[in-house]
Amino acid sequence: MTDDQDLNQLGRMTPPPPADAARRAALQAAMRAFDDADAKKTAVQTQGSGFVRRLSSIATQLWSETMEKKLLLTTSALGGLLILPVAGYISWNIMHDPRMLAGDQQAPVTIEAQPPQVDEPKPVQPQPLPTVEPAAPRQPAVKQAPLARQIEALSSSKTVGQASPAAEKPVAMAPMPAPAVDMARDSIAPQQPSGDRVQRFDTNPVKRVADDPVSTFSIDVDTASYAMVRRALKDGALPDPDSVRVEEMINYFPYDWKGPQSRETPFNTTITVTPTPWNQNTKLMHIGIKGYDVVPAEKPRANLVFLIDVSGSMDEPDKLPLLKSAFHMLVGKLDPKDKVSIVTYAGNAGTVLEPTEVKDKAKIFDALNRLEAGGSTAGEAGIKEAYRLAKANFVKDGVNRVMLATDGDFNVGQSSDDELKTLIEDERKSGVFLSVFGFGEGNYNDQMMQVLAQNGNGTAAYIDTLAEAEKTLVQEATSTLFPIAKDVKIQVEFNPATVAEYRLIGYETRALKREDFNNDRIDAGEIGSGHTVTAIYEITPKNSPAVLTDDLRYAKPNAAAADAKTGSDEYAFFKIRYKLPNGDVSKLITTPVTKANEVSAAESNDVRFSTAVAAFGQKLRGTDSLATYSYADIARLGAGSRGDDAFGYRSEFLSLVRLADALEAKK
C-alpha cells in the first residue's frame, strides 16, 4: 500500500478501549519527567561538571518511556491531555532558562531509563551573572502543592476504570504560569524575612539608682519565645531579635526553688546575689519564685472550652493536625469529671461539642477528629462564643478556662490589637481565665497572641512539635490549668548607698508604671500550681569601675545615701503584690535583700543555668553587655550547671547554643 492508503486505513480503525494500567503508567511517566526537569533547576552541581541535557534529549526521553511501555495507542484521552501540557511546560522551561542551554553549573537530569544518544553540547563562553536586587519581604501566602501532585489529584478525581461522559470530551486546563528565572541561583541569596508578626521593643537600659531607684513589672510565665527561637535555629536561621523575650526563655525551664508550705501563702521567694559571669565588676540579683503545688486530691473541677481555629490558614501539618494531637493528649490528662466543650471558628463561629464529661473520651475525640480547615478567620466571633459557653457552665470554686489554639491570623470582625485587647479585658471580668496556644509559621501572629494572653488573665505557649505539646499540656498540665494567684506584680527599690546602677534582664513588654503596683485595677500576670518564675537584675555596686554614668555636677546629695542610717547594708527592698484567683483585693509580701543574700554561684545549678539562659537570650538580641561573652562561654556555663536533666530540656538548650554559634560564624 501507499503511505496515503496506510494513513486512511489507520484513521478508520477503532482504537482499543482505555486500560487502567496504561493510564496510570502514562501519568507516572509524565510526573517523572516533570520531577526530573524540576530537579535539574534546583540541584546544585560542583564546579567543572557542566554536562547538561538538551531539549531534544529530554523530549526524546519522555517519548521513549511512553513507547517502551507500548502506550501510544492505549493511553486514554485524559492521559494524553495530561502528558502534552507537561511536555510543553518542560520545553518552555528549557528554552527560557539560559543555564540549561548554556551549560552552567547545574546537576544533570537523572532519568531511570537508558538515555538516547545525544550530541555533546558545544562549549559556550561563560557570561557574568547580572546583578540581582534583594528579594522583597515574603508575604504570607497559601501554599500550593507541586505540579505533579496537582496532576495526580486531577487524575484521581474520577474513579479509575469508570467510564464517564466527561472523559470523552477534551479537558480544559488552565495555562501554567511561567516559572521565574533565577539568574543568581549559584550565588548566596539574601535571607528573606519571615511573615511572622512579632512585637518590636527596645532592650531595657541601664538605669542610675540616684535618678530612678524603683523598678516595677508584671510577672511572666509564658514560654512561647523559647519555642520560637528553637524553631528558627533548627531551621538554620538566627531568630528575629524581637522574637526573643529573655524572661520567657528563662522561664521555659523548671527550677527547684523552695516552695510555700500552705495554699494560704501561694508562693515563696528565694533571692540570691552572685558574681556576673560576663562582667567581673557587677553582680546578679537573682529572684526565684515558686508557686504552691496543688496535689491531685485538691484539684478543683475544670470547665474547659477548646476554642479552635479551623480557618484556611490552619491547613498545614504543623497547625490543625498537630493541634488535634495536642488536645488529644490534654484530654487524656484530665479528671473524668472535668468537662470539655469545643468551639470552632472560620468564616463564623459555632459549637462543635456541648459540655461533655471527660469520662466520655470517645465523644470528645470524635469531635476533634472531624475538624477540618477552610475559610476566613472570624476570631472575634469565636472568642465571644467560647466565653459565652464557659460562663453558661461556670463552676464555682473551680477552673473555668478558654483554651485558644490558633496561628493568630484573625481577619473577620474585630481584628486589630487594640480591638481585641478591649474585647479580652471585658471578658476577663467574668472570672474565666485564658490560655493561648500558637501553631505554625510563615503567618504566625505572635504579637496578637501576646495581646490576648497579657490582657485576659492568660498565659501563652507556642507548640511547634508533639514533644512541646506533651511538655506544655501533659507534664505541666497543673500549672497550665490551675491558677493559684493572679495580677502578680513585682517592685524592687534599690538602695543608692550600695547600688549605683541596675538593669532588669528581660520583661520589657511587662513593664509597669511605679504607681501601677498599688493599683488593684491594673491587670498583671498569673501563676499556676507549681509554677516557677525567675527574674534577674544586673546591679553595679557603688564605686565599682563598671559604673557607666557620672554623678551630676549640680545635683543635691541624696539624703539616704549620705546618711546611710536605714538599710545601710541592703542592696534593695523587694515587694510582691498578688490576688487570689477569686479575689479582688491584693496582698503584699516584702523581703529586704542584704549582704546575707550573697552566695557563690557554684552553690546552685539552677542559679547558674538560668544565668546561662539569660546570657543566651541577651546574646541573640545583640545586647551590648554581652559583646565580649561568647556562645562558647555560654555553653560552658550551661554544661557545668546542667544537673538533673530528666527530660533533656537543658541538653537541648546546649545544642541550640552550638547552632547559634555556627550560624553566627556564617554571617
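All values derive from a computational prediction rather than experimental measurement. Computation of the quantities below employed the complete heavy-atom set of this structure, encompassing side-chain atoms and omitting hydrogens, waters and symmetry-equivalent molecules.
For Phe574, there are no ring pair (Phe, Tyr, Trp, His ring centres under 6.0 Å) partners two or more places apart in sequence or in a different chain.
Closest of all the heavy-atom pairs between Leu320 and Asp309 is CD1-O, 4.2 Å. Nearest heavy-atom pair, Ala535 versus Phe217, reported as atom, atom and distance to 0.1 Å: CB-CZ, 3.8 Å. Scanning both residues, Ile484 and Pro266, for their nearest heavy atoms gives CD1-O, 3.2 Å. Shown here for Thr351 and Arg388, the closest heavy-atom pair between the two residues is OG1-NH2, 4.3 Å. Contact detail for Gly374 and Ala346: the closest heavy-atom pair is O-CB, 3.3 Å. Scanning all heavy atoms of the two residues, the minimum distance from Leu307 to Ala386 falls at CD2-CB, 3.9 Å.
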Side chain to side chain contact (heavy atoms under 4.5 Å, CB included) between Phe573 and Lys575, intermediate numbers included: CA-CA 7 Å; Phe573 192 65; Lys575 297 188 286 187; 4.0 Å; yes

Working for side chain to side chain contact (heavy atoms under 4.5 Å, CB included), residues Ile424 and Thr422: CA-CA 6 Å; Ile424 289 297; Thr422 300; over 6 Å; no

Verdict with supporting geometry, Arg514 and Asp212, salt bridge (Lys or Arg N to Asp or Glu O under 4.0 Å): CA-CA 10 Å; Arg514 180 174 175 178; Asp212 192 358; over 6 Å; no

Salt bridge (Lys or Arg N to Asp or Glu O under 4.0 Å) assessment of Arg650 paired with Asp606: CA-CA 11 Å; Arg650 298 188 178 190; Asp606 284 340; 2.8 Å; yes

Criterion side chain to side chain contact (heavy atoms under 4.5 Å, CB included) on Thr344 and Ile342, from CA distance to verdict: CA-CA 7 Å; Thr344 61; Ile342 300 178; 4.2 Å; yes

Worked check of ring-ring contact (aromatic ring centres under 6.0 Å, His included) between Phe653 and Phe609: CA-CA 10 Å; Phe653 166 79; Phe609 186 81; 5.2 Å; yes

Arg503 vs Glu538, salt bridge (Lys or Arg N to Asp or Glu O under 4.0 Å): CA-CA, chis, key distance, verdict: CA-CA 5 Å; Arg503 178 174 66 91; Glu538 183 175 3; 2.6 Å; yes

Step-by-step ring-ring contact (aromatic ring centres under 6.0 Å, His included) determination, Tyr578 to Phe267: CA-CA 10 Å; Tyr578 68 94; Phe267 34 75; 5.0 Å; yes

Step-by-step ring-ring contact (aromatic ring centres under 6.0 Å, His included) determination, Phe439 to Tyr444: CA-CA 7 Å; Phe439 291 83; Tyr444 177 63; 8.9 Å; no

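Residue Glu427 forms a salt bridge (charged side-chain N to carboxylate O under 4.0 Å, His left out) with just one option from Lys421, Arg401, Lys391, and that option is Lys391. Phe306 pairs in a ring pair (Phe, Tyr, Trp, His ring centres under 6.0 Å) with only one of the listed residues (Phe437, Tyr345, Phe327), which is Phe327.
A salt bridge links Asp446 to Arg245: at least one charged side-chain nitrogen sits closer than 4.0 Å to a carboxylate oxygen. At a threshold of 4.0 Å, the pair Asp222-Arg510 counts as salt-bridged, since one of the basic side-chain nitrogens sits closer than that to a carboxylate oxygen. Remark: Lys486 does not engage Glu526 in a salt bridge, criterion side-chain N to carboxylate O under 4.0 Å. With salt bridges taken as basic N to acidic carboxylate O contacts below 4.0 Å, one links Lys471 and Glu476. The existence of a salt bridge linking Arg230 and Asp464 is confirmed by a sub-4.0 Å separation between a basic side-chain nitrogen and an acidic carboxylate oxygen. Salt-bridge check for Arg231 with Asp196: passed, with a basic side-chain N closer than 4.0 Å to an acidic carboxylate O. Ion pair Glu664/Lys619 not flagged as a salt bridge, since none of the NZ, NE, NH1 or NH2 atoms sits closer than 4.0 Å to an Asp/Glu carboxylate oxygen. A salt bridge is defined here as a Lys NZ or Arg NE, NH1 or NH2 lying under 4.0 Å from an Asp or Glu carboxylate O, and Lys319 with Asp315 fails to meet this definition. A salt bridge does not link Asp335 with Lys299: none of the charged nitrogens is closer than 4.0 Å to a carboxylate oxygen. Between Glu508 and Arg200 there is no salt bridge, since no side-chain N of the basic residue sits under 4.0 Å from a carboxylate O of the acidic one. Using a 4.0 Å cut-off between charged side-chain N and carboxylate O, Asp487 and Lys579 make a salt bridge.
In this model, a donor atom of one side chain and an acceptor atom of the other lie less than 3.5 Å apart for Asn303 and Asn400. Of the N and O atoms on the side chains of Thr269 and Trp257, not one donor lies less than 3.5 Å from an acceptor on the other residue. A donor atom on one side chain and an acceptor atom on the other are not found under 3.5 Å apart for His531 and Asn251. Between the side chains of Thr223 and Glu248, no donor-acceptor pair of N or O atoms lies under 3.5 Å. For the residue pair Asn518 and Arg577, a side-chain donor N or O sits within less than 3.5 Å of a side-chain acceptor on the partner. No hydrogens or angles considered: a donor-acceptor pair under 3.5 Å links the side chains of Ser311 and Ser313. Gln475 and Glu470 share a side-chain donor-acceptor pair at under 3.5 Å. Side-chain atoms of Ser610 and His286 include a donor-acceptor pair closer than 3.5 Å. With hydrogens and angles left out, the side-chain atoms of Tyr537 and Ser215 include a donor and acceptor closer than 3.5 Å.
When the shell of 6.0 Å around CG of Asp584 is examined, it contains 12 or fewer heavy atoms from other residues, nucleotides or ligands. Within a 6.0 Å sphere centred on CD of Glu425, heavy atoms belonging to other residues, nucleotides or ligands number more than 12. Open room surrounds CZ on Arg521; 12 or fewer heavy atoms of other groups in view lie less than 6.0 Å from it. Within a 6.0 Å sphere centred on CG of Asp235, other residues, nucleotides and ligands contribute more than 12 heavy atoms.
Proximity of Asp242 to Arg621: side-chain heavy atoms (C-beta onward) are separated by under 4.5 Å at one or more points. Val340 places none of its side-chain heavy atoms less than 4.5 Å from the side chain of Thr356. With a 4.5 Å cut-off on side-chain heavy atoms, Glu316 and Asp407 do not count as touching. No side-chain heavy atom of Ile576 sits under 4.5 Å from any side-chain heavy atom of Phe517. Under the 4.5 Å side-chain criterion, counting only non-hydrogen atoms from C-beta, Leu323 is in contact with Met314.
In terms of modelled atom types and a separation under 3.5 Å, the side chain of Tyr226 and the main chain of Val244 share no donor-acceptor contact. Counting only distance, with no hydrogens or angles, the side chain of Asp520 and the backbone of Ser586 share a donor-acceptor pair below 3.5 Å.
Ring geometry for Tyr649 versus Tyr252: interplanar angle over 60°, hence perpendicular rather than tilted (30 to 60°). Ring pair Phe494/Tyr502 is parallel by interplanar angle, where below 30° counts as parallel and above 60° as perpendicular. Relative ring orientation between Tyr255 and Phe253 is described as tilted, the plane-to-plane angle lying within the 30° to 60° band.
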